[in-house]
2 protein chains.
Amino acid sequence: MVTIYDIAAQANVSAMTVSRVINNTGKISEKTRLKVKKVMDELGYVPNQMARSLVLQQTRILFLLITDIMNPFYTTLARGAEDAARKHGYRLLFGNSDESLDKEGEYINTILTTRVDGALLAPAGDPSLPHLEQLRKHNVPFVLLDREVPGIACDIVLGDSKDGARSLVEHLVKQGHRRIALVNGSSSISSARLRLQGFQEAMKLNDLTLREEDIHETTFGPHLDVEAMGLWIDTIVMDSMPTAIMAGNNVLAVVLIRLLRARGLRIPEDISVVCFDDFGLNSEVDPFITVAAQQAYQFGYLGMQMLIERIQERNSPPPWKRIMLPAELIVRRSVKTQG
Amino acid sequence: MVTIYDIAAQANVSAMTVSRVINNTGKISEKTRLKVKKVMDELGYVPNQMARSLVLQQTRILFLLITDIMNPFYTTLARGAEDAARKHGYRLLFGNSDESLDKEGEYINTILTTRVDGALLAPAGDPSLPHLEQLRKHNVPFVLLDREVPGIACDIVLGDSKDGARSLVEHLVKQGHRRIALVNGSSSISSARLRLQGFQEAMKLNDLTLREEDIHETTFGPHLDVEAMGLWIDTIVMDSMPTAIMAGNNVLAVVLIRLLRARGLRIPEDISVVCFDDFGLNSEVDPFITVAAQQAYQFGYLGMQMLIERIQERNSPPPWKRIMLPAELIVRRSVKTQG
DNA sequence: CTGAAAGCGCTAACAC
DNA sequence: GTGTTAGCGCTTTCAG
């Protein structure tokens with residue numbers, strides 16, 4: 001490995017001079033600068049970021065932790081975060097927690113041990129609290145995305161889950177649906193809770209009775225219990241079907257639809273389906289599911305901006321900021337108008 | 001920041017003893033071990049990975065560079081890579097080059113300066129050669145994904161682009177199509193070249209004449225020139241339309257379909273469309289486009305395995321390996337059978 | 001304008 | 001079992 005000492009020796013200067021050339025600090029004669037640069041090129045010098053970070057106590061690297069890299073919501077969000085980071089000259093590293101608290105813990109560890117300058121994170125849920133406390137304790141600036149964690153005050157970008165859920169229900173009601181079921185993510189996740197609330201409120205507002213068995217709680221994300229959901233469907237189907245089902249996010253909707261079809265049910269002819277979050281790439285090609293779409297890109301972009309501000313104002317920290325982004329109802333073909 | 005010296009002082013031992021406790025090396029009396037561990041907990045010690053890497057000359061971190069984080073092919077691949085990395089106790093960091101040579105260069109730089117132990121990369125194309133040469137020169141083990149780069153010998157996982165393209169054309173021909181057009185990625189990308197070749201060969205094999213103007217070359221990925229593609233469509237449409245168009249990948253197919261529809265053309269009634277690569281999440285919900293699907297997950301999983309082997313056999317490097325994964329034709333609803 | 005010395009937090013090698 | 005010394009590659013501080 002080529003070090004500044006190798007260069008110093010070759011160029012007949014001190015290591016310090018080389019360091020100055022690299023970082024453009026201090027005053028250096030044009031002659032030595034050129035000489036040093038030449039040797040650097042010849043030897044193919046690459047600065048050692050670890051050594052530099054060790055003394056500088058900063059990395060100029062930020063970390064983005066998402067919970068499901070196969071979910072278009074998060075990948076779109078990642079693009080937004082990336083764009084904002086680049087704009088401010090930061091590098092961005094990604095991690096994927098897979099909605100798993102353990103994996104999240106590992107990444108928190110990576111964040112801590114690699115001493116990145118800050119982190120943008122979508123927490124796995126309320127139990128993520130200790131992880132966030134770790135970050136706080138070690139002075140790692142962070143911004144939360146999409147999910148609030150009770151017990152910690154911090155910057156956050158949220159979607160208006162309650163209102164989004166409400167608008168989905170309203171839409172169904174306007175189409176004549178009276179009995180509506182819900183498959184939702186874990187109630188240990190703030191967004192899932194709010195979607196449930198919005199759902200319940202909208203039902204009440206429309207004087208619709210909500211049967212307890214019409215609500216099924218499972219998990220967002222990649223490891224959801226498909227069998228349990230199938231069982232639930234069998235139960236409510238046997239028991240005189242609801243005419244519509246709302247899914248707490250896009251992944252749930254996909255699994256739901258697959259299961260419904262496996263039971264010979266057509267959508268929307270036999271049963272209607274709506275969900276939270278859009279589908280990225282090919283929702284453009286053959287837009288099928290009626291959704292409450294979130295501004296995924298903005299989540300990432302704005303969140304990253306907040307994070308960078310927080311880092312820059314480190315010395316005189318501003319009050320915690322909170323951004324709430326609306327969800328937009330996009331009507332497509334998965335809802336049938338009821339007689 | 002809490003260091004091993006702080007702990008050493010508190011526990012009345014030397015820093016070295018603390019280091020031994022942390023790393024479980026050497027022999028240490030149970031008593032001191034417990035004492036040290038206790039102090040570590042109390043003080044909330046977090047090892048400094050930078051310092052450790054600096055002396056160890058390794059990070060146990062691997063890097064995955066993909067070219068389009070919004071493309072389901074790459075995110076599925078990422079999941080595969082992640083699973084394989086975890087299995088072997090490595091941490092994985094992601095980067096997204098966005099099909100841009102510049103961004104790729106920045107990430108190459110990050111890879112070099114952060115001294116990760118190895119990299120798994122989907123190169124932007126043939127011009128990525130200097131980047132790979134940099135890695136090689138600095139002894140960073142790497143494995144290529146999806147795209148070959150002439151001029152560099154290395155481990156690689158490839159899809160059978162030629163054969164996949166051929167099977168797509170064969171399918172169209174069997175459905176009675178005679179004039180087939182192609183929108184493809186840049187010919188500076190090996191996979192695009194092979195898809196073109198497969199396309200041409202299949203046309204020839206079926207005695208079909210291929211008009212030069214029926215081939216449009218643009219770029220894969222997020223920054224493709226939509227206008228130019230629109231212009232091309234206008235040209236070939238005016239000039240008595242082809243009955244089918246093949247797209248070099250999924251992103252191209254989406255843009256293509258959007259443009260065709262904007263011109264009032266229905267798919268497949270007015271024109272058929274097929275493409276390379278599948279669509280992830282909601283190709284399950286409403287599978288529309290007939291595709292040559294690649295084993296995205298396997299790309300990542302096998303590639304990561306090769307990378308880790310390469311790192312482990314560092315001292316007696318095995319010959320370069322090359323895996324070619326077949327593409328599978330999945331027939332859906334975007335192709336019409338011609339009279 | 002340039003250099004020498006010290007230290008960032010850690011571990012390998014060698015002592016005791 | 002445990003401690004001392006040196007050094008990973010870099011930059012800050014202070015001299016000149």
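Every heavy atom of this structure was used, including side-chain atoms; hydrogens, water molecules and symmetry mates were not. Chain identifiers are assigned alphabetically (A, B, ...) following the order of the sequence lines, protein sequences preceding nucleic acid strands; residue numbering begins at 1 within each chain.
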Q: Check every atom of D/dT13, C/dC10, D/dT11 against the side chain of A/N23 and return the nucleotide holding the closest atom.
A: D/dT11
Q: Assess whether one donor atom and one acceptor atom, taken from the side chain of A/Y5 and the base of D/dC8, lie less than 3.5 Å apart.
A: no
Q: Determine the minimum heavy-atom distance between B/A85 and B/I308, stating which atoms define it.
A: CA-CD1, 4.2 Å
**Q.** Out of D/dC8, D/dC14, D/dT2, whichever nucleotide has its closest atom nearest the side chain of B/Q57
**A.** D/dC8
Q. What is the nucleic acid contact for B/I22, judged by heavy atoms within less than 4.0 Å: base, sugar-phosphate only, or nothing?
A. nothing
Q) Are A/L64 and A/L77 close enough, and set up right, to give a side-chain contact (heavy atoms from CB on, under 4.5 Å), and what steps lead you there? A) CA-CA 10 Å; A/L64 170 64; A/L77 178 157; 4.2 Å; yes
Q | Which residue lies more 5' along DNA chain C, comparing A/V55 with A/E30 via nearest heavy atoms | A | A/E30
Q | Sugar-phosphate, base or nothing in reach of A/I4, heavy atoms under 4.0 Å | A | base
Q) Under 4.0 angstrom, heavy atoms only, what part of the nucleic acid is B/T32 near: base, sugar-phosphate, or nothing? A) sugar-phosphate
Q) So, for B/A78 and A/I69, which heavy atoms are closest and what is the spacing to 0.1 Å? A) CB-CD1, 3.6 Å
Q: If the plane angle is over 60° it's perpendicular, under 30° parallel, otherwise tilted; pick one for B/F63 and B/Y107.
A: tilted
Q | Gap between atoms CG and C1', on B/N12 and D/dG1 respectively (whole Å) | A | 16 Å
Q. When only distance counts, do a donor and an acceptor, one from the side chain of B/R115 and one from the base of D/dG9, lie under 3.5 Å apart?
A. no
Q) Nearest to the side chain of B/S29, which nucleotide is it out of C/dC8, D/dT2, D/dC10? A) D/dT2
Q: Could you work out which one of D/dT11, C/dT2, D/dC10 sits closest to the side chain of A/S19?
A: D/dT11
Q | A/K37, NZ: over 12 other non-hydrogen atoms inside 6.0 angstrom | A | no
Q.
Just to be sure I understand the rule, does A/M1 reach a base, reach only the sugar-phosphate, or reach nothing, if contact means heavy atoms closer than 4.0 Å?
A. sugar-phosphate
Q.
Tell me whether the side-chain N/O atoms of B/T17 come closer than 4.0 Å to OP1 or OP2 in D/dG3.
A. yes
Q.
Nearest to the side chain of A/R52, heavy atoms from C-beta on, is which of C/dT2, D/dT2, D/dT11?
A. D/dT11
Q) Think A/T3 has a side-chain N or O under 4.0 angstrom from the OP1 or OP2 of D/dG9? A) no
Q. Where the side chain of A/M16 is defined as all heavy atoms beyond and including C-beta, which of D/dT13, D/dC10, C/dC10 is the nearest nucleotide?
A. D/dT13
